[in-house]
Amino acid sequence: RRSTGAAGPASGSAPKTRSRGHPPQRPPHMAALVLARGGSKGIPLKNIKPLAGLPLIGWVLRAAIDSGVFQSVWVSTDHDEIEKVAKKFGVKVHRRSAQVSKDTSSSLETIQEFLRHHNEVDIIGHIQATSPCLHPDDLIKVSKMIREDGYDSVFSVVRRHLFRWSEIKKGVNKVTTPQNLDPAKRPRRQDWDGELYENGSFYFAKKDLIEKNYLQGGKVIYYEMCAECSVDIDIDIDWPIAEQRVLRYGYLGKEIKLLVCSIDGWLTNGHSCLSEDQKEKSSGDDRGADGISLLKKRGVEVWLISEEECSKTISALKLDCEVKVSVTHKRQVIEDRRNKMSLSWKEVAYLGYEESDVDCLREAGMSGVPADACAAAQKAAGYICKSNGGHSAIQEFAEYVCLLMQTVNL
Ligand SMILES: CC(=O)N[C@H]1[C@H]([C@H](O)[C@H](O)CO)O[C@](OP(=O)(O)OC[C@H]2O[C@@H](n3ccc(N)nc3=O)[C@H](O)[C@@H]2O)(C(=O)O)C[C@@H]1O
């Protein structure tokens with residue numbers, strides 16, 4: 001009963017008003033790009049060192065994914081371990097050349113190299129892992145500045161109330177002079193707006209600007225981040241401070257309270273691999289139990305639903321979770337359940353497979369499909385499993401949900 005899953009509107013359904021010879025314009029592709037080379041000097045493998053329980057790059061990757069504003073999220077690296085960690089977060093990996101992985105390589109040349117390999121990308125949201133207190137809300141606002149307000153580049157700044165004095169080199173007999181204050185009328189903090197400083201959290205820029213060697217230029221504007229979230233890990237003593245800051249002010253991931261796995265089309269159609277007497281499973285989703293118990297330990301309720309009457313199949317899988325079969329309208333039963341539990345869709349994770357899952361995949365706070373799900377479901381889902389349906393997809397998705405909502409232990 002698996003659907004063929006034609007994706008999106010049928011070809012030829014474009015508006016009739018379109019003038020001839022002009023193909024429809026695709027919306028600009030905005031890619032999040034996190035640079036994470038292996039050869040960090042001060043702190044070895046800094047980019048994947050656990051910060052408050054999560055690999056450093058994980059903090060910004062999670063914010064980028066959850067913002068929902070990027071067509072793709074990438075890590076550019078030259079290192080196998082970093083690639084593995086990035087893939088665990090479900091993002092794409094660009095293996096960069098040694099040429100742009102040196103101590104002396106600039107971010108700009110590394111981004112330019114990425115763009116040469118990814119022609120589909122129109123806008124780069126370059127996000128630095130060294131500023132882990134980034135929130136999805138910041139990225140949503142910046143995305144609007146680029147996509148709707150017409151800016152070519154936007155970068156993050158923070159307001160500081162710092163009095164600057166001129167530097168006098170050793171051995172030079174001169175006096176220092178104030179740079180941004182009158183010592184006779186030293187302003188109180190509340191009487192002075194302070195100054196804006198680039199804080200290194202992110203740099204968004206359109207491709208043509210980057211190709212002209214700029215990350216900041218054209219119609220350019222800054223985005224002011226709140227001081228609490230402006231954290232920059234530069235030297236090793238910054239690390240413990242950053243750890244405290246992410247715990248207090250960082251983005252701790254989405255809170256999922258209910259995972260719904262719709263098993264139609266993959267556990268109900270022979271993928272489930274029951275033995276002839278319908279009592280034992282011979283293969284199938286053995287790993288599912290681990291993922292489910294992990295989530296249950298975190299207080300997440302797990303629910304298997306099916307439009308079919310397949311209780312035997314499910315019970316044979318010995319998955320320790322609630323089951324609802326013969327469901328006539330999937331979205332409706334989830335709405336009812338949500339209301340009972342007082343949950344928003346944001347707190348629901350949904351694993352689907354078929355066209356009938358598209359609605360729920362679009363609504364859910366986290367959504368996933370097995371690798372062989374129909375095209376429409378794949379398009380609607382935030383995460384596409386590496387496993388096919390019936391082969392550990394539940395486990396993989398449950399692990400993914402756990403990772404994204406990983407609570408922080410110190
Ligand atoms: C856009 C940009 O110019 N970024 C530079 C920033 C920026 O100027 C400051 O943050 C502003 O406050 O400064 C640097 O910042 P830093 O060296 O800590 O690098 C920031 C993050 O980017 C990764 N990176 C950097 C360059 C490169 N070619 N490949 C990379 O993978 C690092 O591993 C790290 O995760 C600096 O201090 O030298 C170097 C960075 O290149």
Side-chain angles (χ1 to χ4, degrees), residues 31-51 54-64 73-83 85-86 89 91-117 123-134 138 142 152-160 162 195-207 209-217 220 222-225 227 229-239 241-242 245-246:
L33 179 62
V34 178
L35 305 183
R37 67 191 190 100
S40 48
K41 279 277 135 13
I43 305 169
L45 272 185
K46 169 179 74 182
N47 285 314
I48 49 168
K49 183 178 161 164
L51 178 87
L54 202 69
L56 181 64
I57 51 169
W59 288 94
V60 291
L61 290 178
R62 212 156 60 166
V73 179
W74 294 84
V75 165
S76 155
T77 190
D78 57 336
H79 197 280
D80 291 347
E81 273 309 302
I82 297 178
E83 172 167 2
V85 172
F89 280 90
V91 305
K92 300 182 180 192
V93 172
H94 169 72
R95 284 303 290 231
R96 67 166 95 156
S97 67
Q99 202 64 31
V100 292
S101 307
K102 296 183 256 177
D103 288 345
T104 51
S105 306
S106 71
S107 297
L108 181 64
E109 59 187 308
T110 312
I111 296 167
Q112 287 171 332
E113 191 223 48
F114 171 85
L115 278 174
R116 283 196 291 277
H117 286 87
I123 305 162
I124 289 281
H126 166 45
I127 299 173
Q128 298 205 133
T130 41
S131 296
C133 262
L134 182 66
D138 295 318
V142 176
D152 298 314
S153 56
V154 184
F155 61 96
S156 57
V157 298
V158 65
R159 189 174 296 276
R160 296 266 184 246
L162 298 174
E195 292 177 327
L196 298 177
Y197 289 83
E198 197 176 308
N199 72 353
S201 180
F202 55 75
Y203 304 80
F204 279 58
K206 292 188 176 161
K207 172 155 83 176
L209 199 61
I210 297 173
E211 284 169 349
K212 288 182 202 140
N213 292 332
Y214 290 100
L215 275 177
Q216 297 148 305
V220 55
Y222 56 76
Y223 174 88
E224 187 177 341
M225 270 175 84
C229 295
S230 185
V231 175
D232 181 20
I233 302 176
D234 195 11
I235 49 173
D236 51 3
I237 54 162
D238 295 332
W239 195 270
I241 298 167
R245 290 280 281 280
V246 285

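Counting starts at 1 for both ligands and their atoms, in listed order. We number each residue from 1, following the sequence as shown.
A distance of 6.0 Å or more separates the ring centres of F204 and Y223.
Salt bridge present: D152 and K206 bring a charged side-chain N and a carboxylate O closer than 4.0 Å.
Between Y222 and F155, the ring planes are perpendicular. Angles over 60° get that label, and only those under 30° would be called parallel.
Two residues are said to be in side-chain contact when any heavy atoms from C-beta on lie closer than 4.5 Å; S131 and V231 fail this criterion. Using a 4.5 Å cut-off on side-chain heavy atoms (C-beta onward), Q112 and I210 make contact.
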Checklist line | Steps toward side chain to side chain donor-acceptor pair (under 3.5 Å) verdict (S101, R37) | finding: CA-CA 6 Å; S101 307; R37 67 191 190 100; over 6 Å; no
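Near ligand 1, residues L35, A36, R37, K46, N47, R96, V100, S105, S106, S107, T110, H126, Q128, T130, N199, G200, Y203, L215, D234 come within 4.0 angstrom through at least one heavy atom.
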